[in-house]
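Written below as structure tokens is the structure these notes are about.
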Amino acid sequence: MTPALTGIDAPDFDLALTLDCGQLFHWLPRGKGWVGLADRTPLYVEMAGNQLLVPVGTEEIARHFFALNHPLTEIYGTFPQDEAMVAAMAYCRGMRLVRQPAWECLATFITSAMKQVPHIRQISFELRRRYGQPVEFAGTTLYTYPTPERLAECTEAELRECKLGFRAKNLLGAAKMITRGEVSLEAVAGLNDGLARAELCRLPGVGEKVANCALLFGFERLRAFPIDVWIERILREIYFRKKRKVTARRLREFSDTYFGAYGGYAQQYLFHHARKTWKLSR
DNA sequence: CTCCAGGTTCCGG
DNA sequence: CCGGAACATGGA
């Protein structure tokens, strides 16, 4: 049933936080840990002290996927040390931004527009179950995220059955453009942040925010700073308190510089902290 | 029943 | 460039 496990060093790593902060949408609790896919590789993961337990033979894949080599201490040192960041840092210490497959990440965030996290998970599981590839693992069946080629074969009506709503047209359109080679994610990977973002924004359903999520979580552009409704609230209520008529452009210019070289990390810390602590008092 | 959710796109000042 | 509105669906 359960595969043989082996431990790998994982200092400064909070697995639960990393899986629960809204960057991944298909991992499931299992026993003392979680199961999920790192691209095509099924993993069971569990913390044991400063070690991460993973199936024998998947050590390198797990190390890479969970970005255990991101220099967290150095990253924290680049954060602005204001009150909000200090609080978010304390709350989220050990959270890592994992290395997601580019298409899986991009597609998932196309389907995330105006949806709550549980809905995004629901959509992800449904797309995987219908159009992904089954992978047997530890007595259960996991499903890979469907390729652009497979999704491009679907009709919009079929995708709507996955509760996508108006996002179905966008996901289908993006899958088709990528399948036809009109946009190449391999090429995007070779562009600088600005050009990469512009290229991604050519896809339907991909605007500034979704492109930045893809860059941050799928292309390891750790400076990318997605501004969603939560981050916008934080910026307006904390960093622009009492300021009149703060435009979206102004928020973007501020966040692009203020949070530094690892702005994406700062963003995710602020995002998760606010979501977990503000929600209770509303 | 009403409101809103990890937005994008289009349209009129 | 900026603010509004439409767009689907489900949970609170």
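Within every chain, numbering begins at 1; the chains are lettered A, B, ... in the order of the sequence lines, protein sequences first and strands thereafter.
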Inset, instruction - List in numerical order all residues of residues 207-220 of chain A for which some heavy atom is under 4.0 Å away from an atom belonging to DNA chain B. - result: Gly207(A), Glu208(A), Lys209(A), Val210(A), Phe217(A)
Legend entry - Atom-pair distance (CG on Leu171(A); C1' on dT8(B)), nearest Å: 14 Å
Inset, instruction - Please state how far atom CD1 in Ile123(A) lies from atom C1' in dA5(B), giving the value in whole angstrom units. - result: 11 Å
Inset, instruction - Give a yes-or-no answer on whether the side chains of Tyr258(A) and Asp82(A) include a donor-acceptor pair shorter than 3.5 Å. - result: yes
Inset, instruction - Name the orientation class of the two ring planes belonging to Phe254(A) and Tyr239(A) (parallel below 30°, tilted from 30 to 60°, perpendicular beyond 60°). - result: tilted
Inset, instruction - Take the protein atom CZ of Phe109(A) and the nucleotide atom P of dT8(B), then report the distance between them rounded to whole Å. - result: 11 Å
Inset, instruction - Could you tell me whether Arg30(A) sits above the aromatic face of Trp34(A), with NZ or CZ closer than 6.0 angstrom to the six-membered ring centre and within 45 degrees of the axis? - result: no
Inset, instruction - Starting at atom CD1 of Ile231(A), determine the distance to atom P of dA5(B), rounded to an integer number of angstrom. - result: 14 Å
Inset, instruction - Measure distances between side-chain N and O atoms of Gln268(A) and base N and O atoms of dG6(B), and say whether any donor-acceptor pair falls under 3.5 Å. - result: yes
Inset, instruction - Verify side-chain hydrogen bond (donor to acceptor under 3.5 Å, both in side chains) between His26(A) and Arg121(A), making sure each step is shown before the conclusion. - result: CA-CA 6 Å; His26(A) 74 281; Arg121(A) 286 177 64 87; over 6 Å; no
Inset, instruction - Check the geometry between Phe271(A) and dG6(B) and answer yes if their rings are stacked (centres below 5.5 Å, planes below 30°), otherwise no. - result: yes
Inset, instruction - Quote, to the nearest angstrom, the P distance that separates dG6(B) from dG4(C). - result: 22 Å
Legend entry - Letter per nucleotide, 5' to 3', of nucleotides 3-12 of chain C [B base touched, S only sugar-phosphate touched, - untouched; heavy atoms, 4.0 Å]: ----BBBBS-
Inset, instruction - Taking atom types as modelled, find out whether Glu46(A) and Tyr44(A) have a side-chain donor-acceptor pair closer than 3.5 angstrom. - result: yes
Legend entry - Exam field: side chain Arg236(A) to backbone Val246(A), donor-acceptor pair closer than 3.5 Å: yes
Inset, instruction - Determine the contact category for Gly205(A): base if any of its heavy atoms lies under 4.0 Å from a base atom, sugar-phosphate if only primed atoms, P, OP1 or OP2 are that close, otherwise nothing. - result: sugar-phosphate
Legend entry - Nearest-nucleotide 5' precedence on DNA chain B, Pro204(A) against Cys21(A): Cys21(A)
Inset, instruction - Decide yes or no on salt bridge (charged side-chain N to carboxylate O under 4.0 Å, His left out) for Lys209(A) and Asp228(A), but give the supporting numbers first. - result: CA-CA 7 Å; Lys209(A) 190 271 174 182; Asp228(A) 65 0; 5.1 Å; no
Inset, instruction - Kindly say whether Glu208(A) contributes a backbone atom to a donor-acceptor pair with the side chain of Asn212(A) at under 3.5 angstrom? - result: yes
Inset, instruction - Between Asp228(A) and Cys201(A), name the one whose nearest nucleotide on DNA chain B is closer to the 5' end. - result: Asp228(A)
Legend entry - His70(A)-Glu220(A) side chain donor-acceptor pair, cut-off 3.5 Å: yes
